[in-house]
Q: 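Below: one structure in structure tokens.
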Amino acid sequence: MTTAANQKGKRLGLGRYFRNFKKYRYLLQEIVRKNVKLQYRNSVLGVFWTFLQPLMTTIVLALVFGNIFGRSNEGVVCYPLYLLCGRLLYEFYSQSTKRAMRSIRNSASVIKKVYVPKYIYPLSNVLSNFVTFAISLSVLVVMMAYYMLIKKVPDLHLTPYILLSFVPILILLVLSLGVGMIICTLNVFFKDMEYLYEVFCMLLFYMTPIFYTVKTLGTNKWIQYVLMANPLYSIVQMFRSCVLYGEMWNWHWFWYACGFSGVTLLLGFWIFYKKQDKFILHL
Amino acid sequence: MGKLAIKVDHVSVLFNLNKEKIDNVKEYVIKLLTRKLHFTEFWALQDISFEVEKGERVGILGFNGAGKSTLLKVIAGVLKPTKGSIYVSGVIAPLLELGAGFDMNYSGKENIYLYGATMGYSRKYINERYDEIVAFSELKDFIDVPVKNYSSGMKARLGFAIATAVDPEILILDEVLSVGDAKFRIKSENKIKTMFDKGVTVLFVSHNTAQVRRLCNRAILLDHGKVIAAGEVNEICDLYDEKIKAK
């Protein structure tokens with residue numbers, strides 16, 4: 001009888017949404033499974049790409065920028081690890097939002113014919129990228145072990161704070177989902193969003209202290225404010241505090257990241273909910 | 001009176017169409033600045049009302065642009081009506097267009113689960129039906145091959161096999177039976193007929209009145225978004241055939 005309830009649009013209520021989600025959780029599972037499986041199918045190295053890709057890009061970045069910024073060890077501890085932390089998080093954000101953005105358009109043929117809760121598509125694409133991200137975190141584990149045990153970098157040590165590293169990751173997940181919902185709605189109406197967002201992501205890469213530190217940019221207050229307004233900055237810094245420096249994060253970062261991500265998610269759900277009935281007219 | 005399966009109550013659908021389709025920011029801004037953003041209103045369906053009882057097989061006839069597909073979309077819950085309401089009781093299985101709902105890089109086997117999940121069925125449920133689906137689609141030797149290597153007939157067979165294996169209570173057939181070779185058409189017609197015995201409700205859209213006469217017991221004739229006739233299948237099909245000749 002769920003179908004009957006779906007179509008009686010007036011009978012609102014959380015119970016209805018919950019029942020609907022329960023029915024379609026299989027679809028969520030199937031799409032996540034599909035995305036993860038297909039990502040590595042037909043590639044010779046398969047799942048190893050999840051490790052190799054961040055490892056190789058980090059090596060490239062370390063070679064290019066290591067000599068420019070890496071020499072002053074202040075606030076960096078170990079430059080390759082500093083890079084990798086930032087890059088892993090940034091990569092998850094940009095990949096998952098890009099996938100989510102295209103998800104509705106890519107499933108147009110289904111959405112036009114069958115009733116499916118449409119948020120399943122952006123949600124499942126963010127989640128499948130989360131799975132790949134979780135796998136790729138093991139690169140960080142290996143790299144950290146290498147620098148601690150073999151290279152014996154003096155300032156690098158594990159503390160219990162590393163257990164808190166899941167907090168910035170969860171905040172990032174919320175942020176990605178929120179942004180994903182907003183831009184996939186926009187992308188239904190304006191398909192050149194894809195190109196605009198591509199450029200935006202590039203800008204974001206340089207705006208986030210991934211290969212530099214805020215200090216190396218000088219003391220111009222305005223530049224620092226602009227950089228700190230970027231929620232990825234707070235999230236990446238929180239993550240580095242736990243993993244790299246082994247200390248508690250700055251609580252300003254925490255509240256800012258939580259607030260920004262929470263508001264983005266609510267905004268995303270709201271825009272999506274308001275516009276989803278019009279999707280079919282534009283697909 | 002049998003039990004009600006579908007009730008369409010004074011449904012109207014308004015499309016707010018721009019004369020040219022604008023789907024990017026650049027054009028939108030240019031058109032907005034030059035004040036060329038005209039919208040034309042178009043009623044795809046106007047005040048449609050009818051009821052379908054459980055086990056009835058209703059053919060929906062009409063020329064291109066009469067609103068048949070829009071009506072099916074409203075009933076399937078994909079499109080919200082501008083006015084009026086729809087009541088549907090039971091599980092609807094729409095037969096998707098060729099290949100829609102499949103992922104081309106996924107094998108036939110994996111697509112069975114994906115397609116099933118799209119219709120809201122669990123892996124466990126599909127597992128129970130899996131052998132039946134494979135047997136009906138006659139794709140046993142190709143089940144681990146990616147769907148992109150399937151012929152259109154193979155895709156149609158697989159889609160049909162999944163949609164009919166899950167025991168839907170309402171089956172929406174939108175010109176699907178016109179695909180595939182003659183052998184498959186006969187086989188799928190027979191399959192649908194066996195589903196009639198289980199009391200499935202069918203909505204069937206086609207231009208082929210012979211097929212409608214064979215499969216349906218009632219019919220609705222749509223023209224320009226309005227129901228112009230509804231009733232016993234042969235009467236309506238005769239009317240439609242006359243209209244075709246008159247054109």
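Since the model is a prediction, treat every value here as computed from it, not as a measurement. Numbers restart at 1 for each chain; the letters A, B, ... are given by sequence-line order, proteins then strands.
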Q: Heavy-atom cut-off 4.5 Å, strictly under: side chain, backbone, both or neither for B:F15 against chain A?
A: side chain
Q: Other residues, nucleotides and ligands only: do more than 12 of their heavy atoms fall within 6.0 Å of OH on B:Y106?
A: yes
Q: Given the rule in the side chain to side chain contact (heavy atoms under 4.5 Å, CB included) test, do A:K34 and B:D103 qualify, once you have shown the distances and angles that lead to the verdict?
A: CA-CA 9 Å; A:K34 182 193 82 177; B:D103 191 296; 2.9 Å; yes
Q: Can you confirm whether A:I31 sits close enough to B:L114 that some side-chain heavy atom of one is under 4.5 Å from a side-chain heavy atom of the other?
A: yes
Q: Under 6.0 Å from the OH atom of A:Y40, do we count more than 12 heavy atoms belonging to anything else shown?
A: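 Counting other residues, nucleotides and ligands, OH of A:Y40 exceeds 12 neighbours.
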Q: Heavy atom to heavy atom, less than 4.5 Å: which residues from residues 185-197 of chain A reach chain B?
A: A:F189, A:F190, A:K191, A:D192, A:L196
Q: Are the side chains of A:E30 and B:E110 in contact, using a 4.5 Å heavy-atom criterion?
A: no
Q: Take atom CE in A:M202; do more than 12 heavy atoms of anything else shown fall under 6.0 Å from it?
A: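 Result for CE/A:M202: open.
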Q: Around atom NZ of B:K191, are there more than 12 heavy atoms of other residues, nucleotides or ligands at under 6.0 Å?
A: yes
Q: Taking every non-hydrogen pair under 4.5 Å, which of A:R25, A:K118, A:R33, A:K37 racks up the most with chain B?
A: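 Ranked by heavy-atom pairs under 4.5 Å with chain B, first place is A:R33.
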Q: Counting neighbours of CH2 on B:W43 that are heavy atoms of other residues, nucleotides or ligands and sit closer than 6.0 Å, is the number greater than 12?
A: yes
Q: Please name all residues satisfying side-chain contact (heavy atoms from CB on, under 4.5 Å) with A:Y26, sequence neighbours left out, ordered by chain then number.
A: A:Q29, B:A117, B:S122
Q: Non-hydrogen atoms of chain B under 4.5 Å away: do they reach the side chain of A:R41, the backbone, both or neither?
A: side chain
Q: Pick one of side chain, backbone, both or neither for A:K278, based on which atoms fall under 4.5 Å of a heavy atom in chain B.
A: neither
Q: If you look at every heavy atom in B:T118 and A:Y24, which pair is closest and at what distance?
A: O-CE2, 3.6 Å
